[in-house]
Amino acid sequence: GENVEQHPSTLSVQEGDSAVIKCTYSDSASNYFPWYKQELGKRPQLIIDIRSNVGEKKDQRIAVTLNKTAKHFSLHITETQPEDSAVYFCAAFMEYGNKLVFGAGTILRVKS
Amino acid sequence: NAGVTQTPKFQVLKTGQSMTLQCAQDMNHEYMSWYRQDPGMGLRLIHYSVGAGITDQGEVPNGYNVSRSTTEDFPLRLLSAAPSQTSVYFCASSYDGRREAFFGQGTRLTVV
């Protein structure tokens, strides 16, 4: 079935370092790939997304890259800050079935 | 500006009881979905709808029913609650699934 795999499940970095989270997807027809951040006790919120017609997108300290051939995409956070600590989810919209499927999440801890 | 309104916020059920989780959105979104969130398993899709009168199953549909009689509302029914359904449930809506999804506040359900 359609699935999205996300790694690592937990990530600890020192404040100021970079963090990278990677995801792979199964449906080659997928063309929309969002990333969500969920703070403790809160609802997930979109932080950045990318469509298949571009390979990279940046928004201040956050960037996402997409490799459609390899069916993987990554989230890059530079100059991490304590407030970046949260759970991050990648997702892919599966055109086969019209479903938005999420990865299992990455717990990011930024140590100050 | 309500967005996605999800009720209740907390619920405790006894095994075998039934209940309905309510979800309403005021953004005129066609696409609505229900997810459950369990530790280490991310957001798993239960059911989704691409428009009024249309529903479909996600990854974990067993034990749940949905209906979509209006664009605004997408209730989730637990037919006969089981301890395995203890989880946090999120409703989400988006324009067509391929744009930002807005989540409700979540329902923390405990089945004893």
Side-chain angles (χ1 to χ4, degrees), chain A residues 1-11 21 23-27 29-54 57 59 64 75 86-108, chain B residues 2-7 9-10 21 23 25 27 29-51 53-62 66 68 74 87-108:
Chain A
E2 306 89 357
N3 71 315
V4 176
E5 293 190 1
Q6 182 172 346
H7 300 280
S9 56
T10 60
L11 179 60
I21 303 170
C23 291
T24 60
Y25 59 97
S26 58
D27 181 7
S30 296
N31 56 20
Y32 176 62
F33 308 91
W35 286 87
Y36 286 80
K37 176 183 181 182
Q38 185 181 32
E39 297 177 348
L40 190 62
K42 302 283 184 66
R43 70 192 79 186
Q45 291 190 299
L46 180 74
I47 54 172
I48 196 167
D49 56 13
I50 191 168
R51 299 186 187 274
S52 58
N53 56 345
V54 297
K57 183 177 179 181
D59 183 3
V64 57
L75 178 71
V87 180
Y88 291 81
F89 293 99
C90 64
F93 188 82
M94 306 290 180
E95 292 294 336
Y96 178 74
N98 275 331
K99 294 183 282 192
L100 183 65
V101 178
F102 284 80
T106 296
I107 300 172
L108 174 64
Chain B
V4 180
T5 302
Q6 188 180 334
T7 57
K9 193 169 184 179
F10 300 97
L21 278 61
C23 178
Q25 51 92 10
M27 297 173 282
H29 285 165
E30 292 294 330
Y31 193 94
M32 296 186 74
S33 50
W34 277 101
Y35 293 88
R36 60 177 287 174
Q37 183 174 22
D38 302 291
M41 304 191 75
L43 294 159
R44 290 186 293 168
L45 183 63
I46 305 171
H47 286 285
Y48 63 104
S49 168
V50 299
I54 305 169
T55 63
D56 212 338
Q57 296 181 351
E59 304 164 90
V60 288
N62 293 340
V66 292
R68 184 95 182 271
F74 190 45
S87 187
V88 178
Y89 292 84
F90 285 100
C91 175
S93 79
S94 69
Y95 179 73
D96 63 358
R98 299 169 188 81
R99 302 188 197 184
E100 179 176 3
F102 294 87
F103 284 80
Q105 65 179 355
T107 297
R108 184 172 294 276

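As a basis for the values below, the full set of heavy atoms in this structure was taken, side chains included, without hydrogen atoms, waters or symmetry mates. Chain naming here is simple, since letters A, B, ... match the order of the sequence lines and numbering starts at 1 in each.
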Chemist: Below 4.5 Å from any heavy atom of chain B, which atoms of Pro44(A) appear? Answer side chain, backbone, both or neither.
Modeler: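 Pro44(A) touches chain B through backbone and side-chain heavy atoms alike.
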Chemist: First locate atom CG of Asn31(A), then atom CZ of Arg98(B), and finally report the distance between them rounded to the nearest 0.5 Å.
Modeler: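 Atom-to-atom, Asn31(A):CG and Arg98(B):CZ are 6.5 Å apart.
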Chemist: Would you check if the side chain of Tyr32(A) reaches a backbone N or O of Gly97(B) as a donor-acceptor pair within less than 3.5 Å?
Modeler: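 Not at all, since once roles are kept as given, no pair shorter than 3.5 Å links the two residues.
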Chemist: By a 4.5 Å heavy-atom criterion (distance strictly below it), what part of Leu43(B) contacts chain A: side chain, backbone, both, or neither?
Modeler: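 Contact with chain A is through both the backbone and side chain of Leu43(B).
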Chemist: Is it the backbone or the side chain of Gln6(A) that comes under 4.5 Å from a heavy atom of chain B, or both, or neither?
Modeler: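 For Gln6(A), no heavy atom lies under 4.5 Å from chain B.
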Chemist: Quick one: what part of Ala101(B) sits under 4.5 Å from any heavy atom of chain A, side chain, backbone, both or neither?
Modeler: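 Looking at Ala101(B), backbone and side chain both touch chain A.
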Chemist: Tell me, for Asp96(B) versus chain A, whether the close heavy atoms (under 4.5 Å) come from the side chain, the backbone, both or neither.
Modeler: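 Backbone of Asp96(B) only, per the 4.5 Å heavy-atom cut-off to chain A.
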Chemist: Heavy-atom cut-off 4.5 Å, strictly under: side chain, backbone, both or neither for Phe102(B) against chain A?
Modeler: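 No part of Phe102(B) comes within 4.5 Å of chain A.
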Chemist: Please report the interatomic distance CE(Met41(B)) to CZ(Phe102(A)), rounded to the nearest 0.5 Å.
Modeler: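 Spacing of CE (Met41(B)) from CZ (Phe102(A)) equals 15.5 Å.
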Chemist: Between atom CG of Leu100(A) and atom OH of Tyr48(B), what is the distance when rounded to the nearest 0.5 Å?
Modeler: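 Answer rounded to 0.5 Å: 11.0 Å.
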Chemist: For a side-chain contact (heavy atoms from CB on, under 4.5 Å) check, start with the C-alpha distance between Gln38(A) and Gln37(B), then their side-chain angles and the critical distance, and finish with the verdict.
Modeler: CA-CA 12 Å; Gln38(A) 185 181 32; Gln37(B) 183 174 22; 2.7 Å; yes
Chemist: Can you name the closest pair of heavy atoms from Gly40(B) and Ala104(A) and give their distance?
Modeler: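 Taking every non-hydrogen atom into account, O-CB, 3.9 Å.
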Chemist: For chain B, which candidate among Arg43(A), Gln45(A), Glu95(A) shows the most heavy-atom pairs at distances under 4.5 Å?
Modeler: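 Top option by heavy-atom pairs under 4.5 Å: Arg43(A).
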Chemist: Does any heavy atom of chain A fall under 4.5 Å from the side chain of Gln57(B), the backbone, both, or neither of them?
Modeler: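 Backbone only.
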Chemist: Below 4.5 Å from any heavy atom of chain B, which atoms of Tyr36(A) appear? Answer side chain, backbone, both or neither.
Modeler: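 For Tyr36(A), the contact with chain B is made by the side chain alone.
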Chemist: A quick test of your reading: do over 12 heavy atoms of other residues, nucleotides or ligands sit less than 6.0 Å from CZ of Arg44(B)?
Modeler: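 It does: Arg44(B) CZ has more than 12 such atoms within range.
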Chemist: Against chain A, label Phe90(B) side chain, backbone, both or neither, depending on which of its atoms sit under 4.5 Å from a heavy atom there.
Modeler: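 When you check distances to chain A, only side chain atoms of Phe90(B) fall under 4.5 Å.
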Chemist: Would you give the length of the straight line joining atom CZ of Arg99(B) to atom CZ of Arg51(A), rounded to the nearest 0.5 angstrom?
Modeler: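 These two atoms lie 7.0 Å from each other.
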